[in-house]
Number of protein chains: 2
Amino acid sequence: MKINHVLKALSHPIRRAIIAYLRNGSMTAGALAEKFDVSKPTMSTHFAALKEAGLITAERDGVTIHYRLNATVAEEAIGMLMGLFGTQHMPSVQEQPPAPEETENEI
Amino acid sequence: MKINHVLKALSHPIRRAIIAYLRNGSMTAGALAEKFDVSKPTMSTHFAALKEAGLITAERDGVTIHYRLNATVAEEAIGMLMGLFGTQHMPSVQEQPPAPEETENEI
DNA sequence: TATCTAATTAGATAATCAGCTAATTAGAGT
DNA sequence: ACTCTAATTAGCTGATTATCTAATTAGATA
C-alpha cells in the first residue's frame with residue numbers, strides 16, 4: 001500500500017463518495033457512474049485511481065464489473081495517518097465534534 | 001475543517017514529512033526549510049497548504065515564524081476518514097502490518 | 001458473424017500543482 | 001533612515017489532473 005496513492009485517491013470528492021457508496025456493498029461501474037454528474041469515462045478514471053491505490057477491487061461478471069471496498073487497505077491507511085499524527089486516543093466518529101474556537105495568534 | 005483541504009495537504013510527501021517533524025515540537029520556517037532539498041519559497045507554499053488545511057498553526061516571534069502541529073484537526077481528519085471507511089476496530093500503528101496476499105480475481 | 005451492452009482507453013484541452021528565481025514585506029538592530 | 005535577516009508573495013514554466021468526445025475492447029446473444 002503506497003500512502004501517497006491512497007491520499008491522492010482520497011483527495012477528490014467524487015472518489016470519496018464512491019467509497020461511501022461501496023460501504024453498503026459492491027456496485028457495478030455503471031450503477032456507480034449514474035450516481036454522479038460526470039461522464040462514464042471520467043468515472044472510469046476515478047475507479048482506476050481508487051484501484052491503483054488498492055482502496056477498491058474489481059471483479060468482472062460477464063460484461064459488467066463489480067467494484068468492492070478493500071477494508072484492509074482502508075484500515076492500513078488510517079493506521080499510517082495515526083502514526084503520522086501520533087494520535088493517542090480515538091476521536092468520536094458518530095457525532096460531529098464541536099467547532100474549534102479561533103486561536104489568537106494566527107497570522 | 002474541510003476534509004478536501006486536509007487530504008490535499010496530506011497528499012504530498014514533503015508536507016507529510018513536515019508534519020512528522022512537528023510531532024516533536026514546534027519549528028521555525030527556516031529550520032524546517034533546511035531539512036528539505038527544495039527552495040525556501042517552495043517550502044513556504046507547503047506551509048501555506050498545511051495552514052490552509054488547519055493542520056498547522058503559525059506564530060510570529062520577532063522576525064521568525066514558528067509552526068506547530070494542530071492535533072485537533074489531525075484527529076478530526078482521522079475521525080472523518082474512519083467514518084468514511086466505516087472502520088470498526090483499531091489497526092496497529094506500531095508494527096508494520098503484514099503484506100496483503102494477492103487477490104484472485106483482479107482485472 | 002453481426003450486433004448489443006458495459007466499460008475502458010485514446011486523444012485533446014483547460015485547470016491546478018510544484019518548482020524555480022526575483023521581488024517584496026516585516027521586524028530588529030545599527 | 002539604512003541594513004540585515006526571515007519569510008512570504010509575484011510571476012513564470014513544466015508536469016500532472018480532471019474532464020470531455022470518439023474510438024476500442026470484451027463478453028453475451030440473436
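Letters A, B, ... mirror the listed sequences (proteins, then strands); counts begin at 1.
Note: CD (Glu59(B)) to P (dG27(C)) measures 14 Å, nearest angstrom. Distance NE2 (His5(A)) to C1' (dT16(D)): 13 Å, rounded to an integer number of Å. Taking atom CD on Glu52(B) and atom P on dA18(C), their separation rounds to 13 Å, with Å as the unit. Protein atom CD1 of Ile14(B) is 10 Å distant from nucleotide atom P of dA18(C), rounded to whole Å. One interatomic measurement links the two molecules: CG of Leu7(B) to P of dT17(D), which rounds to 16 Å at whole-angstrom precision. As rounded to whole Å, 11 Å separates atom P of dT19(D) from atom CZ of Phe36(A).
Residues forming a ring pair (Phe, Tyr, Trp, His ring centres under 6.0 Å) with Phe85(A) (at least two apart in sequence, or on another chain): none. Applying the side-chain hydrogen bond (donor to acceptor under 3.5 Å, both in side chains) criterion to Thr28(B), with sequence neighbours excluded, gives no partner residue. For Glu34(A), the side-chain hydrogen bond (donor to acceptor under 3.5 Å, both in side chains) criterion is met by no residue, not counting sequence neighbours. With sequence neighbours excluded, no residue satisfies ring pair (Phe, Tyr, Trp, His ring centres under 6.0 Å) with His66(B).
Ranked by how close their nearest DNA chain D nucleotide is to the 5' end, Lys8(A) and Asp61(A) are led by Lys8(A).
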Detail all sub-3.5 Å separations between protein N/O atoms and N/O atoms belonging to nucleotides 7-13 of chain C.
residue, atom, partner, partner atom, Å
dA7(C), OP1, Ala29(A), N, 3.3
dA7(C), OP1, Gly30(A), N, 3.3
dA7(C), OP1, Ile65(A), N, 3.4
dA7(C), OP2, Gly30(A), N, 2.7
dT8(C), OP1, Tyr67(A), OH, 2.3
dT8(C), OP2, Ser44(A), OG, 2.2
dT8(C), O5', Ser44(A), OG, 2.9

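Between His46(B) and dC17(C), a side-chain N or O to OP1/OP2 separation shorter than 4.0 Å is absent.
Residues Leu22(A) and Leu32(A) are in side-chain contact: their nearest non-hydrogen atoms beyond the backbone lie under 4.5 Å apart.
dA30(D) is paired with dT1(C) under the criterion used here, namely a Watson-Crick or G-U wobble arrangement in which both key atom distances are under 3.5 Å.
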All N/O donor-acceptor pairs, side-chain side in residues 2-17 of chain A, below 3.5 Å, sequence neighbours left out:
residue, atom, partner, partner atom, Å
Asn4(A), OD1, Arg16(B), NH1, 3.0
Asn4(A), OD1, Arg16(B), NH2, 3.0
His5(A), ND1, Glu52(A), OE2, 3.2
Ser11(A), OG, Leu7(A), O, 3.2
Ser11(A), OG, Lys8(A), O, 3.0
His12(A), ND1, Ile14(A), N, 3.1
Arg15(A), NE, Ala9(A), O, 2.7
Arg15(A), NH1, His46(A), ND1, 3.1
Arg15(A), NH2, Lys8(A), O, 3.0
Arg16(A), NH1, Leu10(A), O, 2.6
Arg16(A), NH1, Asn4(B), OD1, 3.1
Arg16(A), NH2, Asn4(B), OD1, 2.9

